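Everything on this sheet refers to the single structure shown next.
Note that the structure is predicted; figures quoted are calculated from it, not measured.
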Amino acid sequence: MNAQKHIIDCENKALPQFAHIDAIAYANQVKVLQAFQNHKIALRHFAPTTGYGYDDIGRDSLSAVFAQIFEAESAIVSPMIASGTHAISLMLFGILRPKDILLSVSGDVYDTLQGVITGVGNGSLKDYGIGYEKVELKNGKFNYAAILNAIEKWHPKVVFIQRSRGYNWRKAFSAEEIQTVCEFIKKHAQNIIIAVDNCYGEFVSTSEPTALGADICAGSMIKNPGGGLAPTGGYIAGKADLIQAVGNRMTAPGVGTEIGSYAADYRPYFQGLFMAPHVTAQALKGAVLFSHVFSSLGYKTLPEITETPNDIICSIQFERCEELIDFCRTIQSVSPIDSHVTPYPWDMPGYDHQVIMAAGTFVQGASIELSADSPIKAPYIAYLQGGLTYEHARYAALKCAEALIK
């Protein structure tokens, strides 16, 4: 089999999906542009601040632009947020109080959130007397009967939805699925707060969770919404009173989002957000191509080749641990940064198993850049994500195909 011809054949089969992704990117680009224009973003918004950061127009305007894009009442976009896990932790600690119940309706939370929610002696929600329950998915879908039973039994204050798959063999939830489950929950318990882990899902559809019925959502700026340019940071967007509560958690009660300086300039955040619809589309096309390439070579993949992804991840299931490791090493070898480095499984903080990560990225750990990772456990699933350009993802798919064909 000729690997180059194989890639071209897969691309031709993916053309309808590519066209659909381009249409979504165009709609999102217009929405982002209009938000910039409505808030009259100018060069002065890029200027750094120091000290307390009172009246930081760059910080406040970036958050306002983000809120409009997400059709939310308010938002926090901050370099002080260290990761997606940190953003979600801020969200949960901001809106929950002792004796409240948090209910996950999407099964287990992502590995790094387990310590946040149920850790012992580490300052977790559990340590503060906040209960946690979960409803398992049914064949990768929301289990509506079980959700209703759990709501009636536990009377949770917050229902939590993890949009992406984490280290699980399931599809990410579509905008339509999120809207349907939000409507169902609100129909039966109007006062419940619906909180969404939106990581990997931003700009994948034309509507974000806060426009679909969720009260609040959170994620990382070094994933989709940072467009590959944001050097760090995270966001929380949602109802104004909830965002105020999160702001009080992020800094200090009564101070909230009135303070917080940034001594570097804000331009990478504004520019990255402007680029985000296009960059996300590039990553989605890469995920679709990898799905076609590996499916045609006999591997199980998600998304399936007939589907457009609901996040920027392509999951590939391997028979053996060695295949998984070799795949990640191939991805590392075609990276622009640290291509000479050989990744090995290691004991990564926050994970129960050793994890291998291939991430030759300009921004450390940036999942919007082409990378692959996996816990070393059966079934051996590689989680490929990102790609600032489709061309990079295409080249990586070619090299992976060549290695397999050999």
Side-chain angles (χ1 to χ4, degrees), residues 63 66-76 87-110 113 116-118 124-138 141-163 173-199 201 207-219 234-250 253-254 256-257:
S63 296
F66 203 94
Q68 180 178 329
I69 293 167
F70 272 56
E71 299 178 54
E73 293 177 3
S74 185
I76 297 170
I88 298 161
S89 178
L90 282 173
M91 175 176 70
L92 296 177
F93 274 99
I95 62 181
L96 287 160
R97 298 292 181 266
K99 297 184 180 180
D100 286 342
I101 300 292
L102 172 66
L103 173 67
S104 170
V105 296
S106 49
D108 278 330
V109 297
Y110 187 67
L113 277 177
V116 171
I117 296 171
T118 59
S124 67
L125 293 177
K126 182 178 180 179
D127 282 350
Y128 281 85
I130 297 168
Y132 172 67
E133 303 294 337
K134 66 179 178 179
V135 175
E136 298 292 353
L137 297 174
K138 187 175 182 179
K141 303 291 184 181
F142 292 116
N143 187 337
Y144 285 92
I147 290 172
L148 181 57
N149 288 337
I151 289 173
E152 292 176 345
K153 179 179 180 180
W154 299 109
H155 304 287
K157 180 180 180 180
V158 176
V159 164
F160 182 77
I161 300 169
Q162 182 177 293
R163 183 172 186 173
F173 294 119
S174 67
E176 293 75 17
E177 288 174 308
I178 292 173
Q179 183 171 27
T180 300
V181 76
C182 286
E183 289 173 351
F184 177 84
I185 291 165
K186 292 292 188 178
K187 178 182 176 181
H188 293 284
Q190 189 174 359
N191 293 328
I192 281 180
I193 299 168
I194 301 175
V196 178
D197 168 2
N198 202 33
C199 288
S207 297
E208 300 299 332
T210 40
L212 299 168
D215 297 293
I216 192 168
C217 68
Y235 73 88
I236 304 101
K239 299 285 181 64
D241 59 331
L242 301 179
I243 296 302
Q244 183 178 14
V246 172
N248 286 331
R249 171 70 188 192
M250 185 173 74
T257 56

What pair of heavy atoms forms the shortest contact from [X] to [Y], and how long is it?
X      : Y      : value
Pro156 : Ala150 : CD-O, 4.3 Å
Tyr144 : Glu177 : OH-O, 4.2 Å
Ala245 : Arg97  : CB-NH2, 4.5 Å
Thr210 : Gly238 : CG2-CA, 3.9 Å
Ala87  : Tyr235 : CB-O, 3.7 Å
Gly254 : Asn248 : N-OD1, 3.2 Å

Q.
Test of understanding: with ring pair (Phe, Tyr, Trp, His ring centres under 6.0 Å), list the residues that count as partners of Tyr132, not counting sequence neighbours.
A.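 None.
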
Evaluate side chain to side chain contact (heavy atoms under 4.5 Å, CB included) for Ile193 paired with Lys157, printing each intermediate quantity in order. CA-CA 6 Å; Ile193 299 168; Lys157 180 180 180 180; 4.0 Å; yes

*Partner set under side-chain hydrogen bond (donor to acceptor under 3.5 Å, both in side chains) for Asp215, not counting sequence neighbours*: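 Testing Asp215 for side-chain hydrogen bond (donor to acceptor under 3.5 Å, both in side chains), a comparison that skips the adjacent residues, returns Lys186, Lys239.
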
Non-neighbouring partners of Asp108 that pass salt bridge (Lys or Arg N to Asp or Glu O under 4.0 Å), sequence neighbours left out: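 Asp108 satisfies salt bridge (Lys or Arg N to Asp or Glu O under 4.0 Å) with Lys134 once adjacent residues are dropped.
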
For Gln162, is there any backbone N or O sitting under 3.5 Å from a side-chain donor or acceptor partner on Ser106?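 Yes, Ser106 side chain to Gln162 backbone: donor-acceptor pair under 3.5 Å.
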
query: Got a donor-acceptor contact below 3.5 angstrom from the Glu208 side chain to the Phe70 backbone?
result: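 Here the side-chain-to-backbone pair does not exist.
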
**Sole candidate of Asp100, Leu102, Thr118 that passes side chain to side chain contact (heavy atoms under 4.5 Å, CB included) when paired with Leu125** =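 It is Leu102, the one option of Asp100, Leu102, Thr118 that forms the side chain to side chain contact (heavy atoms under 4.5 Å, CB included) with Leu125.
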
Q) What residue among Leu103, Leu113, Val105 forms side chain to side chain contact (heavy atoms under 4.5 Å, CB included) with Phe160? A)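 Considering Leu103, Leu113, Val105, a side chain to side chain contact (heavy atoms under 4.5 Å, CB included) with Phe160 is found only for Leu113.
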
